[in-house]
Amino acid sequence: MKCTLLKRMAVCAAAVCLTLSAGAQTKDFEKFANIKGVEYVHVDKSMIELAAQNGNPIKHGDNIIIGDTSGDILRQVDDVKVFSCKADKAAQKLKKGVLALLKDEKFQSLIDVNGEDGYVKICQSHNGEKTLNVIFVEDVEDKETTLVLIDGSLDLAKLMELVKQQAEED
């Protein structure tokens with residue numbers, strides 16, 4: 001009897017720890033909203049669901065963060081956070097902080113592009129069924145640095161593979 005109770009307590013404790021670590025992961029990035037010159041936009045689940053129902057994309061300015069007329073992809077998203085800036089000092093702080101966080105072994109690098117036009121880094125981290133997708137872009141031409149966090153069950157690696165397969169079939 002004691003063993004069963006201990007097992008239940010261990011499972012409950014593990015579930016709580018998983019929940020806390022998922023929240024801590026996005027909280028690590030939220031500090032970038034406090035950098036002077038960084039614009040912060042948060043789109044919560046209710047707004048994402050509304051966009052999915054109406055077949056609208058999630059946008060930041062003129063840029064589409066997630067375009068999905070069917071709503072299927074958006075239904076896999078719980079939360080979107082966008083951090084952007086044009087100021088040189090703010091951009092350097094943002095870049096330095098993001099790249100330091102992405103060095104953690106919990107992040108899987110999906111795409112790394114470093115060219116004369118800029119820098120793109122896409123990573124993801126899994127925590128059970130939840131996935132944190134991190135998209136970091138430094139656009140040299142527009143002098144803009146952007147960080148996008150997409151939290152939910154959306155797995156960008158699987159999505160990219162599906163898009164690739166559909167393109168090969170066409």
Side-chain angles (χ1 to χ4, degrees), residues 15-54 56-68 71 73-115 117-157 159-160:
V16 168
C17 288
L18 282 175
T19 305
L20 291 175
S21 69
Q25 207 171 43
T26 57
K27 296 259 188 257
D28 291 340
F29 288 95
E30 288 177 6
K31 65 184 177 188
F32 300 129
N34 296 326
I35 296 173
K36 185 177 181 181
V38 171
E39 178 185 330
Y40 171 67
V41 176
H42 175 234
V43 183
D44 73 353
K45 182 71 175 171
S46 62
M47 294 305 291
I48 294 167
E49 287 174 352
L50 184 61
Q53 289 172 0
N54 295 323
N56 294 327
I58 301 294
K59 294 176 79 175
H60 177 258
D62 293 333
N63 300 317
I64 294 176
I65 303 298
I66 303 172
D68 176 27
I73 295 170
L74 287 176
R75 286 184 187 88
Q76 299 175 50
V77 176
D78 294 336
D79 198 69
V80 175
K81 293 180 174 112
V82 181
F83 305 81
S84 60
C85 58
K86 290 195 175 198
D88 288 337
K89 268 188 174 179
Q92 288 304 317
K93 277 186 175 180
L94 182 61
K95 180 179 182 180
K96 185 178 178 180
V98 169
L99 295 180
L101 286 175
L102 294 179
K103 285 182 182 179
D104 192 316
E105 63 187 41
K106 63 185 166 197
F107 287 101
Q108 172 192 6
S109 182
L110 301 177
I111 296 175
D112 282 296
V113 179
N114 193 2
D117 294 347
Y119 181 80
V120 176
K121 185 167 189 71
I122 301 176
C123 297
Q124 70 180 9
S125 177
H126 295 283
N127 190 353
E129 292 183 18
K130 293 289 186 181
T131 301
L132 176 62
N133 297 286
V134 180
I135 303 166
F136 180 74
V137 179
E138 186 177 45
D139 187 334
V140 173
E141 188 174 303
D142 290 339
K143 296 182 181 178
E144 185 168 8
T145 302
T146 306
L147 167 66
V148 179
L149 303 176
I150 303 170
D151 203 0
S153 60
L154 176 67
D155 186 324
L156 281 179
L159 181 62
M160 290 178 355

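In this chain, residues are counted from 1 in sequence order. These figures come from a predicted structure and were not determined experimentally.
At least one side-chain heavy atom of H126 sits less than 4.5 Å from a side-chain heavy atom of D155. Counting heavy atoms from C-beta on, the side chains of L147 and V82 never come closer than 4.5 Å. With a 4.5 Å cut-off on side-chain heavy atoms, V80 and L149 do not count as touching. Considering only heavy atoms from C-beta on, E129 stays 4.5 Å or farther from S153 through its side chain. Contact of the I122 side chain with the L156 side chain is registered, since non-hydrogen atoms from C-beta on lie closer than 4.5 Å. Side-chain contact between F136 and V120: absent, with no pair of heavy atoms (C-beta onward) separated by less than 4.5 Å. Put simply, the side chain of I111 reaches to within 4.5 Å of the side chain of M160, judged on heavy atoms. Residues L94 and C85 are in side-chain contact: their nearest non-hydrogen atoms beyond the backbone lie under 4.5 Å apart.
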**Asked** Where do Q92 and E138 land on the side chain to side chain contact (heavy atoms under 4.5 Å, CB included) test, with the steps shown first?
**Response** CA-CA 10 Å; Q92 288 304 317; E138 186 177 45; 4.1 Å; yes
**Item:** Derivation and outcome, side chain to side chain contact (heavy atoms under 4.5 Å, CB included), residues L102 and V134
**Value:** CA-CA 9 Å; L102 294 179; V134 180; 3.9 Å; yes
**Request:** Test side chain to side chain contact (heavy atoms under 4.5 Å, CB included) on K93 and K89 and set out the steps.
**Result:** CA-CA 6 Å; K93 277 186 175 180; K89 268 188 174 179; 5.9 Å; no
**Asked** Yes or no on side chain to side chain contact (heavy atoms under 4.5 Å, CB included) for L132 and F107, after CA distance, side-chain angles and deciding distance?
**Response** CA-CA 9 Å; L132 176 62; F107 287 101; 4.2 Å; yes
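Proximity of a side-chain donor or acceptor of D139 to a complementary backbone N or O of D142 within less than 3.5 Å is detected. A donor-acceptor pair is defined here as one N or O able to donate and one able to accept, closer than 3.5 Å; such a pair exists between the side chain of D104 and the backbone of K106.
Here the shortest heavy-atom pairing between K36 and A90 reads O-CB, 3.3 Å. Between E144 and K86 the shortest heavy-atom distance is OE1-CE, 3.9 Å. Considering all non-hydrogen atoms of both residues, F32 and V98 come closest at CZ-N, 3.5 Å. The heavy-atom pair separating N133 from L154 by the smallest distance is ND2-O, 2.8 Å. Smallest separation of non-hydrogen atoms from D79 and I48: N-CD1, 3.7 Å. Contact detail for A157 and L110: the closest heavy-atom pair is CB-CD2, 3.8 Å.
Heavy-atom contacts from other residues, nucleotides or ligands closer than 6.0 Å to CG of D112 number more than 12. Around the NZ atom of K143, the shell of radius 6.0 Å holds no more than 12 heavy atoms that belong to other residues, nucleotides or ligands.
One distance of note links CG of L74 with CE of M47; it measures 12.0 Å at 0.5 Å rounding.
Between F83 and Y40, the ring planes lie tilted relative to each other; the angle falls in the 30° to 60° range.
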